[in-house]
2 protein chains.
Amino acid sequence: MQEVTQLRKDAQTNGHQGSLLEKLRKLVLSGEFPPGAPLPELFLAEEFEVSRTPVREALKQLENEGLVEIRPKVGTFVRIPTRREIVELFQLKESLEGLAASLLARRGPVQEMEILKRNIEASERAERSADSARYAELVHEFHWTIVNGSDNSKLVEHYGRLMNQLAYHRIVLETVERPARMRASIREHQSVVDALLEKDPLGAELAMRGHVNASSLAAARGADAGAEA
Amino acid sequence: MQEVTQLRKDAQTNGHQGSLLEKLRKLVLSGEFPPGAPLPELFLAEEFEVSRTPVREALKQLENEGLVEIRPKVGTFVRIPTRREIVELFQLKESLEGLAASLLARRGPVQEMEILKRNIEASERAERSADSARYAELVHEFHWTIVNGSDNSKLVEHYGRLMNQLAYHRIVLETVERPARMRASIREHQSVVDALLEKDPLGAELAMRGHVNASSLAAARGADAGAEA
DNA sequence: GGGTAACTTCTTGCATGCATCAAACCTACG
DNA sequence: CGTAGGTTTGATGCATGCAAGAAGTTACCC
């Protein structure tokens with residue numbers, strides 16, 4: 001009946017909210033473990049106060065998401081996405097966000113339009129006050145609003161997987177992209193919203209793809225510049 | 001149930017070839033278990049002569065791939081993709097294959113071009129001899145050749161996930177699409193290859209998207225027609 | 001001194017036992 | 001006759017034990 005008190009007490013100190021999968025994902029994405037670092041099951045099991053079995057399952061999921069690499073009979077390691085894979089992911093990002101914008105434009109006037117307009121206004125404020133953290137957050141919201149607004153659950157699903165794989169690098173990349181491209185990025189967002197308001201699917205797709213492509217190039221340049229980090 | 005004995009026989013004759021995950025995936029995609037059917041861990045464990053643990057792991061992977069649904073503390077069930085999800089997946093397919101064609105066109109003259117040309121010739125022969133099984137196989141190869149030829153591993157990965165989710169329906173859909181659209185489909189394939197040979201990324205993308213879209217529409221009509229199956 | 005082979009250690013991979021919980025069933029009562 | 005409530009069943013979720021394999025280490029031979 002109540003012999004589990006010792007487990008519960010310790011579990012509360014670490015915070016017991018969120019699934020183990022999410023906690024492990026955050027652990028990997030946080031960069032606390034550098035790319036290539038091993039993630040032994042037993043260590044994680046003790047860390048999160050569960051047995052190896054659920055840890056194992058979660059790690060397999062993370063492998064499926066491309067965040068870790070499991071070498072059979074050897075161990076699990078934080079995955080190191082190659083430069084090439086980053087480029088590949090950005091190509092996918094452009095395509096998927098282009099589709100999202102196109103689909104959203106087709107849906108006509110929906111509440112997303114208002115959200116996007118307010119997002120741009122907030123972005124301009126953040127840019128004027130040089131609040132780059134807030135700005136990065138708004139950019140993130142802008143893109144997700146469009147993807148979610150596509151009303152295509154499978155697109156959202158695949159986009160989420162993709163962004164997870166980019167998440168680790170986004171921290172680095174955004175840092176580099178932010179200062180230089182803030183103004184241009186806002187203009188590009190505006191042109192996307194313009195096309196959306198005109199219910200112009202093709203225009204919205206092209207504007208979105210142009211924007212993602214420009215951001216990607218800037219990010220790639222930034223990654224090259226800060227490669228020694 | 002004779003299906004059970006049949007399974008048992010296959011499991012024994014097949015031995016331990018191929019991973020458990022692949023075997024379970026095939027089991028689900030084969031349609032042997034109808035959508036909504038339960039997949040008890042213990043049953044599968046006995047069937048494939050392993051313990052519940054690896055079965056469990058494989059089922060979680062399949063859930064991640066969208067092929068089964070795991071209801072906590074209840075069980076695992078063959079997933080029923082809704083009509084809407086099928087449409088969503090086809091929209092994604094159009095976008096991803098468009099990207100693939102675009103990337104392949106950028107790569108210039110590669111061996112894939114020869115493969116695609118030969119594929120079209122073979123398709124024409126299959127069409128003339130009304131060999132619809134061979135034709136379906138060639139269509140499958142055509143699309144995968146382009147996606148693999150994109151030289152973008154992440155695109156290949158996402159495309160694979162997508163096609164897995166469509167695989168169950170492809171059987172039905174191709175059956176319907178095949179007779180009516182063979183000729184048109186071959187022409188569309190040819191125009192894709194033409195654009196690829198001219199190293200025209202935009203043309204290749206548009207041709208590919210047009211083709212996928214036409215196929216999707218035909219498939220959707222077919223699915224409506226054969227909805228009572 | 002260098003290289004190889006056996007060994008030690010640490011990890012995963014799988015099997016099994018037990019507790020938990022959802023759902024079906026059965027009974028009793030209105 | 002229908003329904004509410006308790007009970008049984010059967011499946012999952014997790015913990016643990018054990019075996020197999022891969023690195024790293026040491027000792028030995030050339």
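Each chain gets a letter, A, B and so on, in the order its sequence line appears, and its residues count up from 1.
- Considering only side-chain atoms of A/Glu41, the nucleotide from C/dG13, D/dC14, D/dG13 that sits closest is C/dG13.
- B/Glu57 has its CD atom 13 Å from the C1' atom of D/dG13, to the nearest Å.
- Ring pair B/Phe142/B/His189 is parallel by interplanar angle, where below 30° counts as parallel and above 60° as perpendicular.
- Across all strands, B/Pro38 comes closer than 4.0 Å to no nucleic acid atom at all (heavy-atom distances).
- No engagement by A/Leu59 is indicated, since no non-hydrogen atom pair under 4.0 Å with the nucleic acid exists.
- At D/dG13, one or more side-chain N or O atoms of B/Arg56 fall inside 4.0 Å of OP1 or OP2 (strictly under the cut-off).
- Between A/Tyr159 and A/Trp144, the ring planes are perpendicular. Angles over 60° get that label, and only those under 30° would be called parallel.
- Rounded to an integer number of Å, the gap from CZ of A/Phe77 to C1' of D/dA22 is 10 Å.
- You'll find that the side chain of A/Pro40 is closest to C/dT11, out of C/dT11, C/dC14, D/dA15.
- Taking only distance into account, the side chain of B/Lys73 never meets the base of D/dA11 through a donor-acceptor pair shorter than 3.5 Å.
- Atom P of nucleotide C/dC10 and atom CD of A/Glu46 are separated by 13 Å, given to the nearest angstrom.
- Between B/Leu42 atom CG and D/dT9 atom P there is a gap of 17 Å when expressed in whole angstrom units.
- B/Leu103 places none of its side-chain heavy atoms less than 4.5 Å from the side chain of B/Asp151.
- If you take CD of A/Glu49 and P of D/dT16, they are 13 Å apart, rounded to a whole angstrom.
- Atoms NZ (B/Lys60) and C1' (D/dT12) sit 11 Å apart, rounded to a whole Å.
- Take the nearest nucleotide of DNA chain D for B/Thr53 and for A/Arg71: the residue whose nucleotide is more 5' is B/Thr53.
- If you measure from atom CD of B/Glu69 to atom C1' of D/dT12, you get 15 Å, rounded to the nearest angstrom.
- When every heavy atom of A/Leu29 is checked against every heavy atom of A/Asn164, the shortest pair comes out as CD2-O, 3.8 Å.
- Distance CZ (B/Phe48) to C1' (C/dC14): 17 Å, rounded to an integer number of Å.
- In this structure, A/Arg161 and A/Glu65 have side chains that are in contact, with non-hydrogen atoms separated by less than 4.5 Å.
- A close approach under 4.0 Å does occur between a side-chain nitrogen or oxygen of B/Ser51 and OP1 or OP2 of C/dA15.
- One cannot find a donor-acceptor pair under 3.5 Å joining the base of C/dT12 and the side-chain atoms of A/Thr76.
- Here A/Arg52 does not reach the OP1 or OP2 of D/dC14: none of its side-chain N or O atoms lies under 4.0 Å away.
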